[in-house]
Number of protein chains: 2
Amino acid sequence: MDHMSSNLEDYLEVIFSLESVNSEARAKDIADAMGVQRASVTNALQKLSQRGLINYQPYNSVTLTPEGFRTATRIVHRHKVLYDFLHTFLQIRPEVAEDTACKLEHHIDDESLETLTKFARFIMTCPRTGKDWLEAFTRSCNDRGTCTNCPECIKSCLERLDDKCSGQP
Amino acid sequence: MDHMSSNLEDYLEVIFSLESVNSEARAKDIADAMGVQRASVTNALQKLSQRGLINYQPYNSVTLTPEGFRTATRIVHRHKVLYDFLHTFLQIRPEVAEDTACKLEHHIDDESLETLTKFARFIMTCPRTGKDWLEAFTRSCNDRGTCTNCPECIKSCLERLDDKCSGQP
DNA sequence: CAAAATTCGTAGGCTTATCTAACATTTTTT
DNA sequence: AAAAAATGTTAGATAAGCCTACGAATTTTG
């Protein structure tokens with residue numbers, strides 16, 4: 001009884017979003033956002049209410065409880081980390097990245113998510129990688145894996161290395 | 001009726017594995033591998049059979065049809081790509097990586113999977129990254145994000161760059 | 001070869017999540 | 001304020017998956 005289904009997580013995420021944007025979450029809007037019938041929403045709201053995640057009174061707007069807010073925030077965070085990785089690093093088109101992040105967010109474990117965050121940060125901050133390295137990856141994707149201009153790339157890398165480390169011992 | 005559920009994908013994967021290892025897949029072994037009751041297996045086998053993915057005759061071993069084999073191979077490939085990324089790049093412990101790959105494999109889209117493969121290959125083959133860069137990432141994880149020995153790391157990187165590019169124009 | 005043990009299938013029930021249809025409440029319009 | 005429209009709930013059906021319990025088929029063993 002303690003484990004949240006992917007489905008309820010999705011509802012909570014939508015409520016969080018609607019509350020942020022519209023400052024209230026109405027059942028109709030939840031139904032539209034989820035692409036389901038209103039009856040399904042009522043059903044979900046009852047379950048979320050039972051778990052103490054939302055304040056729910058029939059015929060009224062829904063709001064998140066403090067606990068619901070914490071849970072929603074955690075899910076949104078997972079979503080963001082995955083979306084950023086897919087979009088910024090793998091260069092996946094926004095709609096696809098959005099869609100995939102929406103599915104993966106329910107299944108990735110905390111350790112992997114945490115490490116993925118660190119990995120992304122490391123790529124951007126390590127003098128050996130960074131933005132131009134990522135661009136080199138994009139080029140290599142378009143060139144079907146053959147990275148054709150290594151010398152030039154390495155030259156710009158060396159410049160970056162010098163820049164980044166001029167302040168270090 | 002055309003879309004495979006995560007569940008059936010898991011069954012197919014287990015059958016594929018048992019067929020590889022034992023050269024046959026018996027219902028009992030499938031039940032054990034999946035951690036479910038035999039009745040659930042019977043149910044799943046009937047569905048897979050209806051879809052033409054397995055050859056199923058009551059009281060006989062199960063085998064994959066050519067179509068089933070193709071589908072299973074695709075799923076196993078997804079699993080492997082995800083596992084390798086989690087384990088080799090993010091350094092996630094084998095059991096956790098295994099477990100997470102098992103869940104994510106049902107939800108990642110083809111484009112992201114394909115690009116993830118390229119990304120992993122690029123990290124290993126680009127002169128600017130490779131094995132020692134990955135080790136630097138691991139150290140930075142243990143040091144809580146502060147990469148302390150940049151100068152030394154950069155030195156070994158430069159050596160690698162020279163090595164890798166000595167044959168290039 | 002027949003009894004015992006193992007394996008397999010069927011029947012019926014539970015849960016989650018969805019839908020449609022009908023009914024109830026609230027809001028908007030006239 | 002009454003009628004119309006929009007919104008929300010309830011009831012009943014469906015589908016996927018799982019379970020237990022029991023009976024059927026196959027294998028193993030004495």
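Every chain is numbered from 1, with letters handed out A, B, ... down the list of sequences.
The side chain of B:Val36 sits closest to D:dC18 out of C:dA17, D:dC18, C:dT7. For B:Ala39, taking side-chain heavy atoms from C-beta onward, the closest of the listed nucleotides D:dA21, D:dC18, D:dT10 is D:dA21. Checking D:dT9, C:dT20, D:dT7 against every side-chain atom of A:Lys28, the shortest atom distance belongs to D:dT7. The listed nucleotides are D:dT9, D:dT7, C:dT20; the one nearest the side chain of A:Pro58 is D:dT9.
Residues passing the side-chain hydrogen bond (donor to acceptor under 3.5 Å, both in side chains) test with B:Glu9, sequence neighbours excluded: B:His106. Contacts of B:Glu135 classified as salt bridge (charged side-chain N to carboxylate O under 4.0 Å, His left out), with partners at least two apart in sequence or in another chain: B:Lys131.
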Residues 89-98 of chain B, side-chain donor-acceptor partners within the protein, below 3.5 Å, at least two apart:
residue: B:Gln91; atom: NE2; partner: B:Thr138; partner atom: OG1; Å: 3.2
residue: B:Arg93; atom: NH2; partner: A:Glu111; partner atom: OE1; Å: 2.4
residue: B:Glu98; atom: OE2; partner: B:His79; partner atom: NE2; Å: 3.0

Using atom types as modelled, flag every donor-acceptor pair under 3.5 Å from a side chain in residues 62-76 of chain B to any protein atom, sequence neighbours excluded.
residue: B:Thr63; atom: OG1; partner: B:Asn55; partner atom: OD1; Å: 3.1
residue: B:Thr65; atom: OG1; partner: B:Gly52; partner atom: O; Å: 2.7
residue: B:Thr65; atom: OG1; partner: B:Leu53; partner atom: O; Å: 3.1
residue: B:Thr65; atom: OG1; partner: B:Gly68; partner atom: N; Å: 3.0
residue: B:Thr71; atom: OG1; partner: B:Glu67; partner atom: O; Å: 3.0
residue: B:Thr73; atom: OG1; partner: B:Phe69; partner atom: O; Å: 2.7

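Rounded to whole Å, the distance from NE2 on B:His106 to C1' on D:dG17 is 14 Å.
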Would you list the protein and nucleotides 23-27 of chain D atom pairs, both N or O, that sit under 3.5 Å from each other?
residue: D:dA25; atom: O4'; partner: B:Tyr59; partner atom: OH; Å: 3.3

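The phosphate of D:dA11 (OP1 or OP2) has no side-chain N or O of A:Asn43 nearer than 4.0 angstrom. Checking the phosphate oxygens (OP1, OP2) of D:dA15, no side-chain nitrogen or oxygen of B:Lys47 falls inside 4.0 Å. For the pair B:Tyr11 and D:dC18, the criterion of a side-chain N or O lying under 4.0 Å from OP1 or OP2 is met. Proximity of A:Ser40 to the phosphate of C:dC19: a side-chain N or O atom is located under 4.0 Å from OP1 or OP2.
Looking at residues 17-25 of chain B, you'll see that no heavy atom sits under 4.0 Å from any atom of DNA chain C.
Heavy-atom distances to DNA chain C give each of B:Tyr56 and A:Ser5 a nearest nucleotide, and the one nearer the 5′ end belongs to B:Tyr56.
Residue-level contact check: B:Ala44 touches neither bases nor backbone, having no heavy atom under 4.0 Å from any strand. Using a 4.0 Å heavy-atom distance criterion, A:Gln57 is classed as making no nucleic acid contact.
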